[in-house]
Undergrad: 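Would you mind keeping the following structure in view while I ask a few things?
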Amino acid sequence: MATRLIYAVFVVVAVAIGTLGLWTALTRSNEQQIARIAEAESYSARSQLIRSTEAMISALHNVRIYWSANGQRQTLRRPRADGIDMTNLAGIPLILWDDPAQGVRFLRSADSAIFDYRPTDDEWARFEALTARAMKLEQNALLGPYANDDGNVFFEVYLVEKDDGVSGNVVALLDAREALERMLVDVSPGYAIRVLAGDMLLYERGTAAPDAPASWTRSGMIRSSLDSLWSVEHSPTAGLVASIDSPAVDLVLLLGLFISVLLGTLVYENGRARLRAAAAEAAEAELADLNRNLEENIAERTRQLRDRTADLQTLADSVAHDLRNPLNSLSVNAQLLEERARLELSPESMRVLGRFTPSVNQMANILDRLLGLSEVSHATFCRETVDMRNLTEEIVEDLSGAEPPPPVRFQVDDLPAAYADPTLVHMLLTNLLANAIKYTRTRQSRIVTVGFEARDGETVYYVADNGVGFDQDHADTIFGAFNRLDKASSSEGIGLGLTIAHRVVERHDGKIWAQGRVGEGATFYFSLGSTAGNRASQSLSA
């Protein structure tokens, strides 16, 4: 009797321990399977957000191209004919187009939902802060998030490409809640989703299950092509947990005496969980394929943009070349007419006739500058060792030959060689030296110095003059196109010389900056890459 009791107790204890161990293992496995499903759903939500955000940015690019192409027309074409999908503009209550070069402005808002609405000056005044910020940006940007007084969160989107042939800028306001509601309307039903930018909540949907394991809550970061970084939190709701968290695992503990029956149920539930995991992995593979397709689409868009840029470059070169011959002919004929009419026309008429040749020469100079700016951006880039002192002396000899008195006194140091593109460096030094010569013409003693310094392990060259100088507060703006050091001066030039110099230095991954004081001259410093001096020195030594 005692033996049977001991055996019975032994069996009960053994079955209880086995059942408890089996329940623990199956509970852990079930949680892992659900966690894998949650990870796949979270990945799906993030992928959807990335695709939708890029589609929205692409739609704004299309609006920008549409307004640029139709800005001068009285009646605009239908937006859909130019590939503008209105679905991708949902959540954007305000879009501005500002093209100061053509004097064109457009506004699309809740009050004016059409694309050809041209606002009045009073209406436009409300948005001057946005358009002013766009003019200062050097690249596309998504700024924010910002919160209104009512707590609604919005972003500011700026499309300000400088090198695509479009002179205008697009500024848009993005309503975060409305846009994200549209992007996530059919994504991960049954899951609670939160989207944050830093510590600011952009969007929230549903309530996470309070007792769900921490492994069932997933979060990840997404980044758009405008370099915005958002965090996406993904958690199952209580209803979803109740539907996918199998009760069979708990029954194992309660129904240990019926283990044979329960094993079949557990195998079935475990198999179903594995099927869910396999389906989730298949969905993840499909999403990976979609991402690859997205990368191919982006590459194709990049190729198309490169082709359009090449077409614009060809057109610009052709126009500049075709204008050269008429300008030369006009200059020669104007000079001949001036010589022949010298004895027949009055002094006043001769002064009027004498304005032709300088104007034609100025137009030719403008064409040369524009072609130089284009060549800097599109010329083949090839570094080699450049003798900076010999190159500087050659340029000085060319520039000083036709310079009116008083003569310029040049001081050229024993400059170290540079490892750079010789053609582009020639353009760089030519523009800096020509600039220095031009702004010393009001001085009785004209001095231009070319030297170098060693800073932070790299060679920094400089061109200094004792000319009119400039206000140091404007040092950050003088390298922009059509900006001049002395805007009140009557000296020739259209303000592209320093822009060309800046582009050349950029192509060499270097730096350029200026220091000056009004009436005391200016100094321009530049480097041609951190390793330029070292490699050039090694090459000369070899």
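What you see is a predicted model; the values in this text were computed from it and never measured. If you read the sequence from its start, that first residue is 1, and numbering goes on from there.
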Undergrad: Once you measure the plane-to-plane angle for Trp67 and Phe106, does it fall in the parallel (<30°), tilted (30-60°) or perpendicular (>60°) bin?
TA: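 Correct class here is parallel.
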
Undergrad: Take atom CG of Asp476 as the centre, draw a 6.0 Å sphere, and report whether it contains more than 12 heavy atoms from other residues, nucleotides or ligands.
TA: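 Open: at most 12 neighbouring heavy atoms sit under 6.0 Å from CG of Asp476.
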
Undergrad: How far does CZ of Arg133 sit from CG of Leu130, to the nearest 0.5 angstrom?
TA: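 Answer for the CZ-CG pair, Arg133 versus Leu130, is 7.0 Å.
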
Undergrad: Which value, rounded to the nearest 0.5 Å, describes the distance between Ile512 atom CD1 and Leu498 atom CG?
TA: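 Going from the CD1 atom of Ile512 to the CG atom of Leu498 covers 7.0 Å.
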
Undergrad: Please check: side-chain N/O of Asn435 versus main-chain N/O of Asn431, any donor-acceptor pairing under 3.5 Å?
TA: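 Flag not set: sc Asn435 to bb Asn431 has no pair under 3.5 Å.
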
Undergrad: Measure the shortest side-chain to side-chain distance between Leu142 and Glu156 over non-hydrogen atoms and say whether it is less than 4.5 angstrom.
TA: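 Leu142 vs Glu156: side chains apart.
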
Undergrad: What residue pairs, at least two apart or across chains, pass salt bridge (Lys or Arg N to Asp or Glu O under 4.0 Å) with a residue in residues 388-401?
TA: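 Pairs touching residues 388-401 that pass the test: Arg389-Glu393, Arg389-Asp414.
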
Undergrad: Tell me whether Arg446 contacts the main-chain N or O of Ile437 through its side chain, where contact means a donor paired with an acceptor under 3.5 Å.
TA: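 Indeed, once roles are kept as given, a pair shorter than 3.5 Å links the two residues.
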
Undergrad: Do you know which two heavy atoms are closest between Leu432 and Ala501, and how far apart they sit?
TA: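 Distance-wise, the nearest heavy atoms are CD2-CB, 4.1 Å.
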
Undergrad: So do the side chains of Ile95 and Val170 get within less than 4.5 Å of each other, counting heavy atoms only?
TA: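 Side chain of Ile95 against side chain of Val170, heavy atoms only: contact under 4.5 Å found.
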
Undergrad: With side chains defined as the heavy atoms from C-beta onward, is the minimum distance between Thr131 and Asn169 less than 4.5 Å?
TA: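 No, every pair of side-chain atoms sits at 4.5 Å or beyond.
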
Undergrad: Any sub-3.5 Å donor-acceptor pair from Thr449's side-chain atoms to Ala464's backbone N or O?
TA: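 No; judged by distance alone, with no hydrogens or angles, the pair does not exist.
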
Undergrad: Does any pair with a residue in residues 96-107 pass salt bridge (Lys or Arg N to Asp or Glu O under 4.0 Å), and if so which ones, sequence neighbours excluded?
TA: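 Salt bridge (Lys or Arg N to Asp or Glu O under 4.0 Å) check on residues 96-107 returns Arg105-Asp121.
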
Undergrad: Looking at OH of Tyr525 and OH of Tyr461, how far apart are the two atoms once the value is rounded to the nearest 0.5 Å?
TA: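 Taking OH in Tyr525 and OH in Tyr461, the distance rounds to 15.5 Å.
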
Undergrad: Just so I know, are the side chains of Ile92 and Leu173 near enough to count as touching, which here means a heavy-atom distance under 4.5 Å?
TA: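 Ile92 vs Leu173: side chains apart.
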
Undergrad: Give the C-alpha distance, both sets of side-chain angles, the deciding distance and a yes or no for side chain to side chain contact (heavy atoms under 4.5 Å, CB included) between Asp421 and Val386.
TA: CA-CA 8 Å; Asp421 185 292; Val386 179; over 6 Å; no

Undergrad: Taking the side chain as C-beta and beyond, is there a heavy-atom pair between Leu180 and Leu49 under 4.5 Å?
TA: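 Side chain of Leu180 against side chain of Leu49, heavy atoms only: contact under 4.5 Å found.
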
Undergrad: Check whether any side-chain heavy atom of Tyr117 lies under 4.5 Å from a side-chain heavy atom of Arg108, and answer yes or no.
TA: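 No - every pair of side-chain heavy atoms lies 4.5 Å or more apart.
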
Undergrad: Which value, rounded to the nearest 0.5 Å, describes the distance between Met200 atom CE and Leu202 atom CG?
TA: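 If we round to the nearest 0.5 Å, Met200:CE and Leu202:CG are 8.0 Å apart.
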
Undergrad: Do you know the tightest heavy-atom contact between His61 and Leu159?
TA: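 Shortest heavy-atom contact: N-CD1, 3.7 Å.
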
Undergrad: Going by side chain to side chain contact (heavy atoms under 4.5 Å, CB included), Leu94 matches just one of Val171, Leu107, Asp111, Leu174. Which one?
TA: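 Among Val171, Leu107, Asp111, Leu174, the one meeting side chain to side chain contact (heavy atoms under 4.5 Å, CB included) with Leu94 is Leu107.
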
Undergrad: Specify the closest pair of heavy atoms between Thr430 and Leu399, including all atoms of both residues, with the distance to one decimal.
TA: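 Result for this residue pair: O-CD1, 4.1 Å.
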
Undergrad: Checking Gln472 side chain against Gly516 main chain: does a donor-acceptor pair fall under 3.5 Å?
TA: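 Here the side-chain-to-backbone pair exists.
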
Undergrad: Okay, side chain of Arg443, backbone of Asn466: is any donor-acceptor separation there less than 3.5 Å?
TA: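 Yes, Arg443 side chain to Asn466 backbone: donor-acceptor pair under 3.5 Å.
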
Undergrad: Quick one, Glu54 with Ile298, criterion side chain to side chain contact (heavy atoms under 4.5 Å, CB included). Give me CA distance, side-chain angles, the key distance, then yes/no.
TA: CA-CA 10 Å; Glu54 293 305 317; Ile298 292 175; 5.5 Å; no

Undergrad: Only counting residues at least two apart or in another chain, list the ones meeting side chain to side chain donor-acceptor pair (under 3.5 Å) with Arg301.
TA: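 Listed in chain order: Ser58.
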
Undergrad: So, for Val160 and Ala134, which heavy atoms are closest and what is the spacing to 0.1 Å?
TA: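 Result for this residue pair: CG1-O, 3.5 Å.
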
Undergrad: Only counting residues at least two apart or in another chain, list the ones meeting side-chain contact (heavy atoms from CB on, under 4.5 Å) with Ala514.
TA: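 Partners of Ala514 under the side-chain contact (heavy atoms from CB on, under 4.5 Å) test: Phe470, Ile478, Phe479, Phe524.
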
Undergrad: I'd like to check Phe526 versus Leu428 (side-chain heavy atoms, cut-off strictly below 4.5 Å). Are they in contact?
TA: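 A side-chain contact exists here, since the closest heavy-atom pair is under 4.5 Å.
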
Undergrad: Any chance you could measure Asp116, atom CG, to Arg118, atom CZ, to the nearest 0.5 Å?
TA: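 The CG atom of Asp116 sits 7.5 Å away from the CZ atom of Arg118.
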
Undergrad: Main chain of His508, side chain of Arg383: is a donor-acceptor contact present, judged purely on distance under 3.5 Å?
TA: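 Checking the backbone N and O of His508 against the side chain of Arg383, a donor-acceptor pair under 3.5 Å is found.
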
Undergrad: With sequence neighbours left out, which residue pairs that include part of residues 512-524 fulfil the side-chain hydrogen bond (donor to acceptor under 3.5 Å, both in side chains) condition?
TA: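 For residues 512-524: none.
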
Undergrad: Quick one: side-chain contact (heavy atoms from CB on, under 4.5 Å) partners of Asn152, sequence neighbours excluded?
TA: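 Only Asn148, Asp150, Asp175, Arg177 meet the side-chain contact (heavy atoms from CB on, under 4.5 Å) criterion with Asn152.
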
Undergrad: Nearest 0.5 Å, what's the CZ-OG distance between Arg126 and Ser109?
TA: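 Here the rounded value is 7.0 Å.
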
Undergrad: Search all heavy atoms of Leu415 against all heavy atoms of Val450 and return the closest pair with its distance.
TA: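 What the structure gives for the nearest pair is CD1-CG1, 3.7 Å.
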
Undergrad: Going through the checks in order, is the side chain to side chain contact (heavy atoms under 4.5 Å, CB included) test met by Trp230 and Ser224?
TA: CA-CA 9 Å; Trp230 296 350; Ser224 73; over 6 Å; no

Undergrad: Over all heavy atoms of both residues, which pair between Ser527 and Thr459 is shortest? Give the atoms and the distance, please.
TA: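 Nearest heavy atoms, Ser527 then Thr459: CB-O, 3.7 Å.
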
Undergrad: Hey, does Met388 have a side-chain heavy atom less than 4.5 Å from the side chain of Pro416?
TA: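 When only atoms from C-beta onward are counted, Met388 and Pro416 do not touch, as no gap falls below 4.5 Å.
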
Undergrad: Could you walk me through whether Leu433 and Thr392 satisfy the side chain to side chain contact (heavy atoms under 4.5 Å, CB included) test, starting with their C-alpha distance in whole Å, then the side-chain angles of each, then the deciding distance to 0.1 Å, before giving a yes or no?
TA: CA-CA 9 Å; Leu433 288 169; Thr392 301; 4.2 Å; yes

